[in-house]
Enquirer: 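Starting off with a structure, shown below.
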Number of protein chains: 4
Amino acid sequence: MEIENSTSASPRKWHRRKQARPDEISKAALIAFAQKGYAAATMADIAKLAGITKGTIYLYFKNKEDLFNALVREHIVDRLAAHFSGMENSEDVISAINHCFDVVSDMALTEEVLVLGRVITAEARNFPAIAQFWGAEVIDSLLDLVTALLRRGGAQGTLGAVNPEAAARLCLALVLQELIWHPSFNVGDREHSDPRSMMELQRAIIIQGIRAAQVFV
Amino acid sequence: MEIENSTSASPRKWHRRKQARPDEISKAALIAFAQKGYAAATMADIAKLAGITKGTIYLYFKNKEDLFNALVREHIVDRLAAHFSGMENSEDVISAINHCFDVVSDMALTEEVLVLGRVITAEARNFPAIAQFWGAEVIDSLLDLVTALLRRGGAQGTLGAVNPEAAARLCLALVLQELIWHPSFNVGDREHSDPRSMMELQRAIIIQGIRAAQVFV
Amino acid sequence: MEIENSTSASPRKWHRRKQARPDEISKAALIAFAQKGYAAATMADIAKLAGITKGTIYLYFKNKEDLFNALVREHIVDRLAAHFSGMENSEDVISAINHCFDVVSDMALTEEVLVLGRVITAEARNFPAIAQFWGAEVIDSLLDLVTALLRRGGAQGTLGAVNPEAAARLCLALVLQELIWHPSFNVGDREHSDPRSMMELQRAIIIQGIRAAQVFV
Amino acid sequence: MEIENSTSASPRKWHRRKQARPDEISKAALIAFAQKGYAAATMADIAKLAGITKGTIYLYFKNKEDLFNALVREHIVDRLAAHFSGMENSEDVISAINHCFDVVSDMALTEEVLVLGRVITAEARNFPAIAQFWGAEVIDSLLDLVTALLRRGGAQGTLGAVNPEAAARLCLALVLQELIWHPSFNVGDREHSDPRSMMELQRAIIIQGIRAAQVFV
DNA sequence: TATGAATGAGTCTTCATTCAT
DNA sequence: AATGAATGAAGACTCATTCAT
């Protein structure tokens, strides 16, 4: 979380490392976007953080947007895809939902996802392609998955008769708050003791609420 | 310089302008920030929306940041202060919490608050003063209020023994999702039927969950 | 022909002159393009020559290409359009052609036309829109006009039976040489005594040649 | 580093490379300059066309300008020198002039010369040395040659009494149009049927005109 | 009070050139 | 001899801000 300027002791003007560069750059970009947002982070900021010059970035990424997209793909799309497969057919609804929570909160508590989510949330309107992708691939697919599970649970009688869509979005909201609260506004003394355990407490409340629900669709 | 408004004969009607001008500007600014975010919205955009020229904005606001600050003050700070007073001492915890929800969701479903919240969330780091304010005055004060209520409810036995902080944050999360989801990502068929009724469904789940809670601090 | 830097004694940071600016800028642009060509002339060059800053140019012209197009329109298209009207129907072919020569050589000996022609000739490939415009509006329309006259002259027997297209292009070539030779390469002692009288001598040769022609279509 | 060419068994065949490399590069450069002009053609373009990397170019040419100079030297300077020798003393003026036309139009219709001529014409000001050379060695020497021939023809009575300089430049203009018109602006239906035959038609007109000339110096 | 012409620092991006390997 | 990663100095264009009017 500390910005580590890797130029510090560069003995040579440059150093051959085709392999490492793109990673260094995307790491730097993530930090820069986290600190300033997409629009306000400059290529110069990113380069400085990566310990290189602006021009070098363009050897590996077509432009700023491409660099941002690469981050989204690397940290979100690919990871999400890896985790969810065939889960919506699971019969044990409660444990499937719990698994869902586990996976998503593992991801959402990742610094990378938090940062990207925050940036996208705020600046998506300026980058329709990214917004579209995030909306469809991330939000909708999660929502669909959880909604399907809740509906099945309701049908089975395992869960109360909640409106599945409302409940699904409540689950996601639980994750999203992290995105908003995580490291931005703990300027005062409020510092969330432990995000993970807090999430678990909240999850319990929701599951409890769903189980006991008298709320009809 | 203005041709007199033909609807009425009130003499020197345009003196009203002096007061109206800053309001027109901040209305325009809100729209511009909503459409493009803070960084991407230009003073020219704002001026155009307000039907004036760039220079005029600087007669009423020191600079872009000042203009944004004014919006935050007008739409969030002042309104919040008006609504919550002496509420944390209320004895009827459940209805106090419900009132809380009502007030906050009234606010959060306001276009103005949504916009500002979103922008702050994303670009707060570029405006430490605003971030500080938003964190302390908005987030923390709400959190403190709800936490206090929940704690009293737990002590009274009116509510289950939830961790009051976790539950409080869950309540806020419910509101925050609105901020994030409102009009950005409805790309697919997901289009929140009715934000307010959805919120009520969710609120019911949470209250249910809290009531039934066996989750100990 | 001397580059006159109009900033010399600017007593104020800037000066209101909406009317004069665009002209000053296009004058400066013409000089810059003449000195360096389209690609190599920078907006900073142009601004400096105009005694203003880069940003100001963009108040009057959308971008570099727009600025160049404006020059072409102003100095070539509009002028050409003004001169030729109904000429291709003239019965006195010889004098029509002579008039043609007069008009075109008046224009072609203008510093502005020479510069623009030269730049377009060389860099048109990189700016297809400009090339298209110049090709169709300037070259083709002249060629068509002269060809028509020559054809009629041949039919009348007033002129020899030359291939009208070849001859038309020869006439234009006469003009084009000016474009290439005018002030670029007189680095040595060759300095065309007087372009206009030289052109007249050449025109006489061509007309002579056409009159006496045995060359059949 | 090269896999041996399978067509022959000649040992160490690639030693040929040492000589071939610069030629490959200049061929590539010519294509690149032809397509984009001097300024817009990049070293990367050239390298790609040559099938090598940018760095390699600098083993053979000091820089971009040097590479361009080499092209001019190779295609224009050397060839010109080879063709014209002792011709200005020829007694049969008409056929000498015709020979002149042949040689020059052979050269001018060469893709290489067209390209270089066009580039020089446009961007000469950025390369004073080249402009100087082109002006003195190419233009002036041709002009001098033709002028001398025409003057002698006039003195002999073989040709009419034209102004020899004007006529000489008219001859060159005929060639120059090719340089300008060749592949840039054939936008409409104008597409020079056959440049060579067109040139011959035009040449006939000029010679006709010179022969019949009553135009006195 | 309002204008709008002008500024100039700053942004993304390109590209000739260098140089360790 | 050849590579190709890296540089850094531009270049076109934008925009918050100023200020004479």
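Chain A is the first sequence line, chain B the second, and so forth, proteins listed ahead of strands; every chain is numbered from 1.
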Enquirer: Atom NZ of Lys64(B) and atom C1' of dT18(F): how far apart are they, to the nearest Å?
Expert: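 Spelled out: NZ on Lys64(B) to C1' on dT18(F) is 17 Å.
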Enquirer: dA5(F), dG8(F), dT3(E): which one has an atom nearest the side-chain heavy atoms of Leu59(A)?
Expert: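 That would be dA5(F).
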Enquirer: Does Tyr38(C) use its side chain to pair, donor to acceptor, with the backbone of Glu65(C) at less than 3.5 Å?
Expert: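 Between the backbone of Glu65(C) and the side chain of Tyr38(C) there is a qualifying donor-acceptor contact (under 3.5 Å).
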Enquirer: Side chain of Tyr60(D), heavy atoms from C-beta onward: which of dA2(F), dT7(F), dT17(E) has the nearest atom to it?
Expert: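 The nucleotide sitting nearest to the side chain is dA2(F).
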Enquirer: Please report the C-alpha distance between Glu24(A) and Lys27(A) in whole Å, then the side-chain angles of each, then the deciding distance to 0.1 Å, and finally whether the salt bridge (Lys or Arg N to Asp or Glu O under 4.0 Å) criterion is met.
Expert: CA-CA 5 Å; Glu24(A) 290 170 10; Lys27(A) 243 166 226 139; over 6 Å; no
Enquirer: From the options dT13(E), dC13(F), dA16(E), select the nucleotide whose nearest atom is closest to the side chain of Tyr58(D).
Expert: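 Selected nucleotide (nearest to the side chain): dA16(E).
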Enquirer: Report yes or no: is there a donor-acceptor pair, N or O only, under 3.5 Å between the side chain of Lys54(A) and the base of dT13(E)?
Expert: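 Looking at the base of dT13(E), it does pair with a donor or acceptor on the side chain of Lys54(A) (distance under 3.5 Å).
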Enquirer: Take the protein atom CD of Glu65(B) and the nucleotide atom C1' of dT17(F), then report the distance between them rounded to whole Å.
Expert: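 Rounding to the nearest Å, CD of Glu65(B) and C1' of dT17(F) are 14 Å apart.
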Enquirer: Nearest-nucleotide wise, let me know which of Thr53(A) and Gly55(B) is further upstream toward the 5' end of DNA chain F.
Expert: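 Closer to the 5' end of DNA chain F: Thr53(A).
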Enquirer: For Thr42(B), answer base if it contacts any base atom (sugar-phosphate contacts may also be present), sugar-phosphate if it contacts only those atoms, and nothing otherwise; contact means non-hydrogen atoms under 4.0 Å.
Expert: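 Touches sugar-phosphate only.
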Enquirer: Check whether Lys36(B) reaches the backbone of Ile31(B) with its side chain - one donor and one acceptor, N or O, closer than 3.5 Å.
Expert: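 No: the side chain of Lys36(B) does not pair with the backbone of Ile31(B).
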Enquirer: Using whole Å, what does the distance between atom P of nucleotide dG4(F) and atom CZ of Arg21(A) come to?
Expert: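 One finds 17 Å between P of dG4(F) and CZ of Arg21(A), rounded.
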Enquirer: Give one of base, sugar-phosphate or nothing for Ala41(D), where a contact means two heavy atoms less than 4.0 Å apart.
Expert: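 Ala41(D): backbone/sugar contact only, no base atoms under 4.0 Å.
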Enquirer: Between atom CD1 in Ile52(A) and atom P in dT18(E), what is the gap in whole Å?
Expert: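 From Ile52(A) CD1 to dT18(E) P: 21 Å.
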Enquirer: Counting side-chain heavy atoms from CB outward, which of dA6(F), dT17(E), dT3(F) is closest to Thr56(A)?
Expert: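 That would be dA6(F).
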Enquirer: Could you tell me how far apart Lys48(B) (NZ) and dT3(E) (P) are, to the nearest whole angstrom?
Expert: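 Atom NZ in Lys48(B) sits about 15 Å away from atom P in dT3(E).
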Enquirer: Would the distance check show the side chain of Ser26(C) and the main-chain N or O of Pro22(C) forming a donor-acceptor pair, the cut-off being under 3.5 Å?
Expert: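 Flag set: sc Ser26(C) to bb Pro22(C) pair under 3.5 Å.
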Enquirer: Counting side-chain heavy atoms from C-beta on, which of dA2(F), dT3(F), dT17(E) comes nearest to Met43(D)?
Expert: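 The nucleotide sitting nearest to the side chain is dT17(E).
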Enquirer: Any strand counts, and the cut-off is 3.5 Å on both contacts for Watson-Crick or G-U wobble. Which nucleotide pairs with dA1(F)?
Expert: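 Per the H-bond distance test, none.
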